[in-house]
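The block underneath contains the structure these notes are about, expressed in C-alpha cells.
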Amino acid sequence: MVDFLTIVKKLIPGRYHTSTGNPSSPEDFRRFVEEAKRRVPELARMKDWEVEDAVLEALDWAMHTICVKQREWGHVSEAGHYVGIGLYKCEHPDTGKFYIVHFEEEIPDAGEAHVGFELTRDWREAQRSFSEERKYWEEELKRRGIE
C-alpha cells in the first residue's frame, strides 16, 4: 500500500473531480482513476474503487494533519442540499508548501455527491480558484432557487 504522503506529493499540481449518483458519474470516476494511476504509478495495480478511496483518504488525511484551513464557505438548504468549499495551506518536509482547494456537493434526495480538489504550490492560484468556485456556487444556487 502506498502511503498518503506519497499520493498527495505526486498529485501536486493538479485538479481532480469524481462523483456518484448522476449520469456523468461513470465518466467522472473513470477520468479520476485514470489520472490518479498515471500520476501515482504505485496505485496502478489496485482496483479502481480502491484507487478512488486511497486518493480521497490521502487528501482527507492531508487536510486534517498537515494543513491549516485558511478560508471556508458553505451552504446547506432546508432540504439538506450541501455545498462546501475550503482553502487549505499545507506544509511537510517531504512535500514543501502547497495549497488545497477542496469542494463538496451533496444532494441527498437525489443520492448524488461530488467531490473535487485542486492542489497547487501557488498561493494566488489557490485564492483565485477558491474565489471562482465560491462565486460559481453562489450564482448556481441562486439560479436553481436553492436557499
Side-chain angles (χ1 to χ4, degrees), residues 1-77 79-90 92 94-95 97-123 125-144 146:
M1 177 71 178
V2 61
D3 65 273
F4 290 158
L5 195 57
T6 298
I7 293 171
V8 171
K9 184 177 180 180
K10 291 185 175 189
L11 293 177
I12 306 168
R15 191 173 183 100
Y16 310 90
H17 171 260
T18 189
S19 67
T20 187
N22 68 76
S24 67
S25 292
E27 182 61 18
D28 292 344
F29 175 78
R30 185 194 64 74
R31 284 193 310 244
F32 182 89
V33 169
E34 182 179 279
E35 183 66 9
K37 285 181 175 182
R38 186 182 72 73
R39 300 286 302 269
V40 187
E42 295 89 339
L43 300 174
R45 290 204 163 112
M46 295 171 70
K47 294 177 180 168
D48 289 353
W49 67 268
E50 293 173 319
V51 171
E52 182 186 53
D53 281 353
V55 170
L56 295 178
E57 286 179 27
L59 264 291
D60 189 63
W61 168 84
M63 290 185 299
H64 292 94
T65 307
I66 63 171
C67 301
V68 176
K69 189 180 288 183
Q70 301 294 300
R71 295 172 68 187
E72 67 180 329
W73 176 86
H75 178 82
V76 181
S77 73
H81 182 191
Y82 167 75
V83 175
I85 307 165
L87 170 59
Y88 298 81
K89 178 181 178 183
C90 313
H92 188 278
D94 291 343
T95 62
K97 191 180 295 184
F98 66 99
Y99 307 93
I100 299 173
V101 177
H102 180 260
F103 157 76
E104 289 181 88
E105 177 188 29
E106 296 175 9
I107 309 169
D109 57 344
E112 192 171 331
H114 298 264
V115 64
F117 51 91
E118 180 176 353
L119 296 115
T120 180
R121 296 198 184 277
D122 185 319
W123 172 241
E125 183 179 333
Q127 288 179 308
R128 179 191 48 75
S129 180
F130 177 90
S131 295
E132 287 175 359
E133 197 73 43
R134 178 178 176 166
K135 182 180 179 186
Y136 168 80
W137 280 104
E138 287 173 339
E139 292 172 0
E140 182 65 13
L141 292 171
K142 188 180 289 185
R143 185 188 70 77
R144 292 182 190 176
I146 298 172

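These numbers come from the heavy atoms of this one structure, side chains and all, not from hydrogens, waters or symmetry mates.
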Side chains of [X] and [Y], donor plus acceptor under 3.5 Å:
| X | Y | result |
| --- | --- | --- |
| Ser25 | Asp28 | no |
| Thr120 | Asp122 | no |
| Thr6 | Glu42 | no |

Sole candidate of Arg144, Glu106, His75, Glu112 that passes side-chain contact (heavy atoms from CB on, under 4.5 Å) when paired with His81: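 Of the listed residues Arg144, Glu106, His75, Glu112, the side-chain contact (heavy atoms from CB on, under 4.5 Å) partner of His81 is Arg144.
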
Name of the residue among Arg128, Lys135, Arg134 meeting side-chain contact (heavy atoms from CB on, under 4.5 Å) with Glu132: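 The residue from Arg128, Lys135, Arg134 that satisfies side-chain contact (heavy atoms from CB on, under 4.5 Å) with Glu132 turns out to be Arg128.
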
Aromatic plane relationship, Trp61 with Phe4 - under 30° parallel, 30 to 60° tilted, over 60° perpendicular: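 Answer is tilted, since the angle falls between 30° and 60°.
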
Geometric class of the Phe103/Trp137 ring pair [parallel <30°, tilted 30-60°, perpendicular >60°]: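 If you compare the ring of Trp137 with that of Phe103, the planes turn out parallel.
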
For the [atom1] atom of [X] and the [atom2] atom of [Y], what is their distance to the nearest 0.5 Å?
| X | Y | atom1 | atom2 | result |
| --- | --- | --- | --- | --- |
| Asp94 | Asp3 | CG | CG | 8.5 Å |
| Glu72 | Phe130 | CD | CZ | 8.0 Å |
| Leu87 | Trp123 | CG | CH2 | 4.5 Å |
| Glu52 | Thr20 | CD | OG1 | 8.0 Å |

Glu34: which of Arg30, Lys37, Arg38, Arg31 passes salt bridge (charged side-chain N to carboxylate O under 4.0 Å, His left out):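 Among the candidates, only Arg30 passes.
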
Residue pair [X] / [Y], side-chain heavy-atom distance below 4.5 Å:
| X | Y | result |
| --- | --- | --- |
| Val55 | Phe32 | yes |
| Ile66 | Leu5 | yes |
| Cys90 | Thr95 | no |
| Glu138 | Trp73 | yes |

Cationic N near anionic O, under 4.0 Å, Glu35 to Arg39: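 Here Glu35 pairs with Arg39 in a salt bridge, since their nearest N and O are under 4.0 Å apart.
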
Minimum-distance pair of heavy atoms, taken over all atoms of Ala126 and Val101: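 For Ala126 versus Val101, the nearest heavy atoms are O-CG2, 3.4 Å.
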
Neighbour count >12 (heavy atoms, 6.0 Å) for atom CZ, Arg45: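 No - once you tally the heavy atoms of other residues, nucleotides and ligands closer than 6.0 Å, there are 12 at most.
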
Within 6.0 angstrom of Lys9 NZ, more than 12 heavy atoms from elsewhere: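 Check fails, neighbour count at 12 or below.
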
Check: Ser129 side chain, Glu125 main-chain N or O, donor-acceptor pair, under 3.5 Å: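 Between the backbone of Glu125 and the side chain of Ser129 there is no qualifying donor-acceptor contact (under 3.5 Å).
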
Donor-acceptor contact below 3.5 Å, side chain Glu27 vs main chain Ser24: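 Not at all, since once roles are kept as given, no pair shorter than 3.5 Å links the two residues.
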
